[in-house]
Structure formats: structure tokens, C-alpha cells
Amino acid sequence: MQTKFIFVTGGVMSGLGKGVTTSSIAKLLQLADQKVSCIKIDPYLNYDAGTMNPVAHGEVFVTDDGGECDMDIGNYERFLNQNIPKSHNITTAQVYSTVIEAERRGEYLGACVQIIPHVTDEIKNRIRKIAKDENLDFLIVECGGTVGDIESLPFLEALRQIKVEDGPQNVIFVHVTLAPSLDVVGEQKTKPTQHSAQELRRIGIQPDFLAVRCTLPLEEKTKKKIALFTNVTVNDVLSCHDVKSIFQVPQILYDQGILDSIFKKFGKVGMVNASTNWDTWNTIAESMINHEDQKSRIAIVGKYVTLPDSYVSVNHALKHAGAKLGKSIEIDWIDSESISDYKILSDYDGILVPGGFGIRGSEGIINTANYAREKNIPYLGICFGFQLAAIAFARNVLNLDDANSTEIKQNAKNPVVDLLPEQKEISDMGGSLRLGANEIIIKQNTMAHKIYNADMISKRHRHRYEINQKYIPEFEKNGMFFSAESDEGKRMEVLEIPSHKFYLGVQFHPEFNSRPGYPEEAFEAFVNASSAKK
Ligand code: GLN
């Protein structure tokens, strides 16, 4: 079976929502009963997103198979309600490493190794392998960056070659651009789109569709003008105007006939199946917008709060839970480095501490975890938020002098959180944390068991440190219990205080498993406990 390829490129500038466009097209095809998946190409030189600062690049999304990926992979998983493997996030470093290693093994003996064909061949191999191995009807490939960037040229060239080799009946290009209006009543400007399509044509790619970001729906005359200058049929110039929730984007693209047009271009006429899948999806998409009646105010306390994208999956997971429970979630981002008056936290219905690394802002988090415990405010601590909640308890309830994580203070007198033993020999920082999904055993008659209603769950991890088991008896004697474990009891996975309104810490990252319509259980329980104050 020949997989049909849809290649999504970006024009004008970054941040236009290529990931949402890619996910939305994939969703429409999935709703039409097609087997689909997505790939994200990141043309940067990092091997993966794991070593990048989330404030500059957004969250590092962890896959089941332990990939530290671009956050767009999270979008694909949430839209498709389907796991995406790490091989679907292709970077320049991965491609070049493979080519250079092959050269050293002598696989190109005699040849001068070049970007074309050796690098472009490797890119094409990776894309085609995924299409074949997963037996896909459609593979949507999003190329990161903006056309004109030097970094993305080999990737765009490889995509161009696939169209030549596989034929136009198997490949479509979608170009995402912008039509800005300089004031509210102002005209929608087409020049940036014209130039960007020209730039794409200059490297041999003619877009089949233009997905044009704009504030208000693209006017007919704007569509016509764009069509005229870009050589794209007017019906295939699509308005991607602002909507309340990104989950409405599939519908607005569908309403403009994208699905019919895609099938026609691929010669699959009459395949659009308006199946019952749509009802389920529409119910979910609508649930993500309509909850003005009940509200939960959540404080997220962490150190990467200047860019909400740093915790994008946490943000989504809270909203999924809110949607299911009929509550709107209002999030305030609080910088753990600058917080000094913890009383401001008493205004919130719940406090969440997400993952994090390093000493900066850690004392603020420890004090936050302590405040939530003392004031009986629902608390959900994830990874770093789990570890620092244990430290707060050790310091303030167990009176353990100088309790800390060795990540924060190497020679702490009481290393309540310590390096995973297998990490002691590791010197490379990239890809070396404890990563990906592991099985977790939950103890009977615990809050965790009630939340998950299961003896065993599988959750994703990304950490180097863990609870030091030496202290557990002391914790449990004083009311903080460790209710789940993994790796044959070697790792503590959940902490809870049964006497508290809701106090839960998890070593794993529940946010990566949350999907619209199917909120992750710990988030649902936390939002449920975080009822609005009167
Ligand atoms: N810094 C901690 C560790 O490495 C927590 C990591 C995280 O929150 N993702 O164990």
C-alpha cells in the first residue's frame, strides 16, 4: 500500500500554529476512518529537545518509548488520542549522525558524501520507513522553522524529492502563512503570504493548500487575491482564523472543504465518511469551551513560568479535567524564585507544582508545598513537585535538619531525595535521565488506588533523582505515605497525606497521558478536589 504524504511547511514567521494545523488535518483524516500519524521535523542541531531550556523552546514532551521530543508531538497525541513514538521527531543531528556513522563504517566508500543525495536520502528513508512500518494510509509531516531558513533547506529538498519520486497523486504540500490586519477594521494583507509562497516555489515546491492565519475569517476577496498570486486554487486557500479552542480548528477546516479537496487530489473520490466518530469528537471539542458557570482557580508554582508553553501539557491536562467536570480552569503562573508572601496562595482552589530542575527557585517550591499542607489546600506535585513536597515534610514535620535533594545540595545532612543509583556513572547530560513509560504498582486501600482504580498503571518518567528509601518509615509514622512503586520496589512513585483534603505527589508525569475527553486520573481528582471557594 502506498502511504499518502501531506507535508506542512511554515511561512512568514514562527508561532503561527503549524502544529495545530498539522494535528487538525490528521484529525480530519482519522475521523474519516483513515490510519494516520504525524512526524515533526526539527531542523536544529540538538539531537533532541531534552537539553533545551523550556522557557526558550517550550516544554520537552516525553513519549512512551522515552523520547524527549518537541512539544508538537504532544499536540499530535492529544488531537489523535494516539501514542506517537520518538522516531517521529526527526532532527538535523539525528540525520547527520546516521550519515557520518555510515561514512565511518565505510558504507559510502569512494564517494564524496554530500547533503544531496546522502543527507536527503537519509531524511527520505526515515519518513518512508515510518509510513511502511506503521502501514499508514496518511502520514502528515510538519517541517519546523520558516521557509527561507538555512537549517531547514535539506529537509524541504527531501520533501520536494519525495513528490517527484512518488508522484503528485501521493504527495500534497500545505503551507501555513499569515494575513495580518493592522487595525480591527483594516484590510487583510496578502503580501507576506505572496512572498512566502514565492520563496517556497524558488526551491521547487508549489503549495497545494495555504492555511492562512488571521484574526477574523479570511474575506473572499482576500482569498481570491492570494490564490491569484500564489497559484493555489481559491477553494484551497483556507482561513485559519482565531477560535476559542484549538480543538475547533478541524471543524473550521472541514467547513471549508479541505477533506473533499485532499481526497480529490489523491484520487480517492467519494471516500469522505461522515461517520459517528464525528459526534464523539464534536462533543469533546465543545466540552473544551463551554463552562462559564463553575470555576477553579489554580496556582502553578514553578521556575519556568514566564512562558506558559514550558508547561503546556500540564495546562492542557488541567483543562481536560475541567471540561469533563464542567468547570472552567483559571490558571495563575507564580514564579517560585520571587514568591515571598505565601499568603497569596490561600486565594487559590488548588496548587500545582510541575516538573523542574536545579537549585534556582527550589526553596520557593518547598515553602509552597509546605503552605499547601498546612493550610489544607489541594496540592498536586509532579516529579520535582513530588520530590520537594517530601523535603518540605521532612523539614517541617520530621524536623530533619538540612533535609534536601542532592540535586540542590550535594552534601545535605539528610538527603531525602538522592541520585538514582544507575545515574552515578553517567556523565553525558543528553538522553540519560530515567525516561519513558514504566509500570507502577499501586498499594490497595490508598488514595492512589482510589484515583486510578487499578493495581497497576503505566506512566512516563523524566528524572535523575528519587526518594531515598531510608527515610520512609519516619515519613509513614508521621502521616505521609508512599502508595505506589516501580522497578520491583526500588522507586517510590506516589506520596499522599490521607488526613489532608487532597495532597498528592507523583514521581511520574501524568500530564503526558491526558487527552481531551479522557483526562488523566490524577488531574481529574485534583481538579475535583479544587472546588471554588465561596
Ligand atoms: N530534577 C528532578 C530529577 O531530575 C525532577 C525532574 C523533573 O521534574 N522532571 O529527578
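Whatever order the structure lists them in is the order used to number ligands and atoms, beginning at 1.
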Worksheet entry | Which of the ligand 1 atoms, numbered from 1, are nearer than 4.0 Å to a heavy atom of Cys383 | 5 (C), 6 (C), 7 (C), 8 (O), 9 (N)
Worksheet item: Does an N or O anywhere in Gln507 fall below 3.5 Å from an N or O of ligand 1?
Response: no
Worksheet item: By number and element, which atoms of ligand 1 are closer than 4.0 Å to a non-hydrogen atom of Arg462?
Response: 6 (C), 7 (C), 9 (N)
Discussion item. I'd like to know if Glu466 contacts ligand 1, where contact means a heavy-atom distance under 4.0 Å to any ligand atom.
Written reply: no
Item to complete: Would you mind checking which non-hydrogen protein atom is closest to atom 10 (O) of ligand 1, with the distance to 0.1 Å?
Response: Tyr465 N, 2.8 Å
Worksheet item: Are any of the heavy atoms in His509 under 4.0 Å away from ligand 1?
Response: yes
Worksheet item: Would you call Lys477-Glu474 a salt bridge at under 4.0 Å N-O?
Response: yes
Worksheet item: Evaluating non-hydrogen atoms only, which member of Gly356, Gly355, Gly381, Ser362 is closest to atom 6 (C) of ligand 1?
Response: Gly356
Worksheet item: Do other residues, nucleotides or ligands put more than 12 heavy atoms under 6.0 Å from the NZ atom of Lys35?
Response: yes
Discussion item. If the cut-off is 4.0 Å to any non-hydrogen atom of Glu407, which atoms of ligand 1 fall inside it?
Written reply: 1 (N), 2 (C), 3 (C)
Discussion item. Quick test: of every protein heavy atom, which one is nearest to atom 3 (C) of ligand 1, and how far off is it to 0.1 Å?
Written reply: Arg464 N, 3.4 Å
Worksheet item: When rounded to the nearest 0.5 angstrom, what distance separates CZ in Phe357 from CD in Glu407?
Response: 7.0 Å
Practice prompt. Could you tell me whether Lys459 and Glu493 have a side-chain N and a carboxylate O separated by less than 4.0 Å?
Written response: no
Discussion item. Between Glu330 and Arg297, does any NZ, NE, NH1 or NH2 come within less than 4.0 Å of an OD or OE carboxylate oxygen?
Written reply: yes
Worksheet item: Only one of Asn404, Asp401, Asp402 forms a side chain to side chain donor-acceptor pair (under 3.5 Å) with Lys413, so which one is it?
Response: Asp401
Fill in: Heavy atoms of other groups near Lys443 NZ, more than 12 under 6.0 Å
yes
Worksheet item: Do any nitrogen or oxygen atoms of Gly358 lie less than 3.5 angstrom from nitrogen or oxygen atoms of ligand 1?
Response: no
